[in-house]
Amino acid sequence: MRVITSSKEMQQFALQTRAEGKTIGFVPTMGFLHEGHAGLMKEAKKTTDVNIVSVFVNPTQFGPNEDFETYPRDFDRDLALVTNEGMDVLFFPEVSEIYSENDLIELHVTNRTDVLCGTSRPGHFDGVVTVLTKLFHLVQPSVVYFGMKDAQQVAVVEGLIKTLHFPIEVKRVATIREEDGLAKSSRNVRLSEAERKEAPLIYEMLSWGRGLIESGEVPLDVAEQDIKQRLADHLKLGQIDYLQLLSYPELLPVKGKPEGDLILAVAVFYKNARLIDNIIIDLGGR
Ligand code: AMP
């Protein structure tokens with residue numbers, strides 16, 4: 001496996017690979033890799049000829065009071081995991097390889113960001129699409145792999161690719177969970193023992209919520225309130241940031257008997273970590 005740290009070398013490698021007629025799979029990450037990331041890599045191995053993982057903690061997607069400086073990092077462990085998954089390249093650039101003081105352009109997302117993490121983390125998705133656009137130009141992917149744990153990110157990336165006409169396919173990959181249901185996340189290491197014990201409640205309540213919504217016993221807006229209340233009643237250490245039921249991937253309010261997919265999405269604050277999770281529900285017009 002090859003480690004590339006220079007943007008120029010990354011792009012040369014990618015252009016050469018594409019010129020040879022091979023497809024490129026790309027898994028962008030912020031590192032501190034776990035089995036959730038490995039799930040994306042396994043999917044890439046099945047689908048694309050040459051597979052590239054990036055590890056880059058992107059400063060522009062963190063707010064001023066967020067955890068950019070303290071975001072967990074462990075390059076040696078990441079290198080071992082990426083090698084073990086049989087990836088071809090690990091792209092590991094310094095910030096100065098991606099951003100320059102002379103940059104002229106920052107992208108701004110105009111849709112799908114006035115809800116969920118878009119409201120809680122102003123500017124977050126602008127940073128995400130700005131870095132992804134740069135990375136797409138460096139890595140020249142045919143297919144990009146994103147985890148549904150960050151379902152709003154998937155919705156925004158699909159919009160980015162469509163809006164800017166990138167010739168790239170997006171593969172949505174299912175959330176990988178711990179045995180007790182907690183979604184795997186690099187930030188889980190920041191939970192105290194007691195918080196870690198409580199955190200599986202989040203997915204438990206989402207699953208209970210799915211049952212309530214699918215039963216059709218109460219209108220959708222009532223169901224949303226009931227699920228939020230039930231989660232609030234059960235959480236002793238965590239605080240709900242949001243819990244919302246929306247259409248997916250449009251992320252619009254739902255009314256009546258929706259035809260397409262719905263997302264029940266939640267974010268919970270613990271002392272040193274904010275956890276997110278979601279469930280996609282297909283009511284099929286019921
Ligand atoms: P991150 O390193 O947190 O930016 O995540 C990089 C990619 O891995 C994103 O597409 C995430 O959605 C995905 N990912 C993170 N955790 C999981 C998980 N538990 N299951 C599936 N995908 C995940």
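Order of listing sets the numbers, starting from 1, for every ligand and every atom in it.
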> Looking only at heavy atoms, is any part of H34 under 4.0 Å from ligand 1, and if so is it the side chain, the backbone, or both, or is it neither?
Replying inline: side chain
>> Below 3.5 Å, N or O to N or O, backbone or side chain included: is there any such pair between K149 and ligand 1?
In response: no
> With a cut-off of 4.0 Å, which atoms of ligand 1 are near a heavy atom of K184?
Replying inline: 16 (N), 17 (C), 18 (C), 19 (N)
>> Please check this pair: side chain of N278 against backbone of M148, looking for a donor-acceptor N/O pair closer than 3.5 Å.
In response: yes
> So, is H37 polar-close to ligand 1, with some N/O to N/O distance under 3.5 Å?
Replying inline: yes
>> Out of all atoms in ligand 1, which are within 4.0 Å of some heavy atom of I176? Include the element for each.
In response: 18 (C), 19 (N), 20 (N), 21 (C)
>> Using a 4.0 Å cut-off to any heavy atom of A174, which atoms of ligand 1 qualify?
In response: 21 (C)
> What protein heavy atom sits nearest atom 3 (O) of ligand 1, and how far off is it?
Replying inline: Y71 OH, 3.9 Å
> Which of the atoms in ligand 1, numbered in the order shown and given with their element, are less than 4.0 Å from a heavy-atom of D150?
Replying inline: 11 (C), 12 (O)
> Between the main-chain N or O of D126 and the side-chain N or O of E106, is there a donor-acceptor pair closer than 3.5 Å?
Replying inline: no
> Is the backbone N or O of T133 less than 3.5 Å from a side-chain atom of H137, with the two atoms forming a donor-acceptor pair by type?
Replying inline: yes
> Quick one: does K171's side chain have a donor or acceptor within less than 3.5 Å of a partner on E43's backbone?
Replying inline: no
>> Under 3.5 Å between any N/O of P28 and any N/O of ligand 1: does that happen in this structure?
In response: no
>> Under a plain distance cut-off of 3.5 Å, with no hydrogens placed, do Y270 and E198 share a side-chain donor-acceptor pair?
In response: yes
> Hey, is the main chain of L201 close enough, under 3.5 Å, to the side chain of E204 for a donor-acceptor pair?
Replying inline: no
> In terms of residue, atom name and distance, what is the protein heavy atom nearest to atom 22 (N) of ligand 1?
Replying inline: G147 CA, 3.5 Å
> V173 near ligand 1, heavy-atom distance under 4.0 Å?
Replying inline: no
> Can you tell which part of L40 has a heavy atom less than 4.0 Å from ligand 1: side chain, backbone, both or neither?
Replying inline: side chain
>> Check this for me - ligand 1, M148, N or O atoms closer than 3.5 angstrom, yes or no?
In response: no
>> Check whether T48 reaches the backbone of N51 with its side chain - one donor and one acceptor, N or O, closer than 3.5 Å.
In response: no
>> Looking at D277 and K149, is any side-chain nitrogen of the basic one under 4.0 Å from a carboxylate oxygen of the acidic one?
In response: no
> Polar-atom distance check: M30 versus ligand 1, any N or O pair below 3.5 Å?
Replying inline: yes
> What atoms in ligand 1 come closer than 4.0 Å to a heavy atom of F146?
Replying inline: 10 (O)
>> Before you tell me yes or no, could you show the steps for L275 and N188 under side-chain contact (heavy atoms from CB on, under 4.5 Å), namely the whole-Å CA-CA distance, both residues' side-chain angles and the distance that decides it to 0.1 Å?
In response: CA-CA 8 Å; L275 305 185; N188 288 351; 3.5 Å; yes
> Side chain, backbone, both or neither: which part of S185 comes within less than 4.0 Å of ligand 1 when only heavy atoms are counted?
Replying inline: neither
> Short question: side chain of E97, backbone of S7 - any donor-acceptor pair under 3.5 Å?
Replying inline: yes
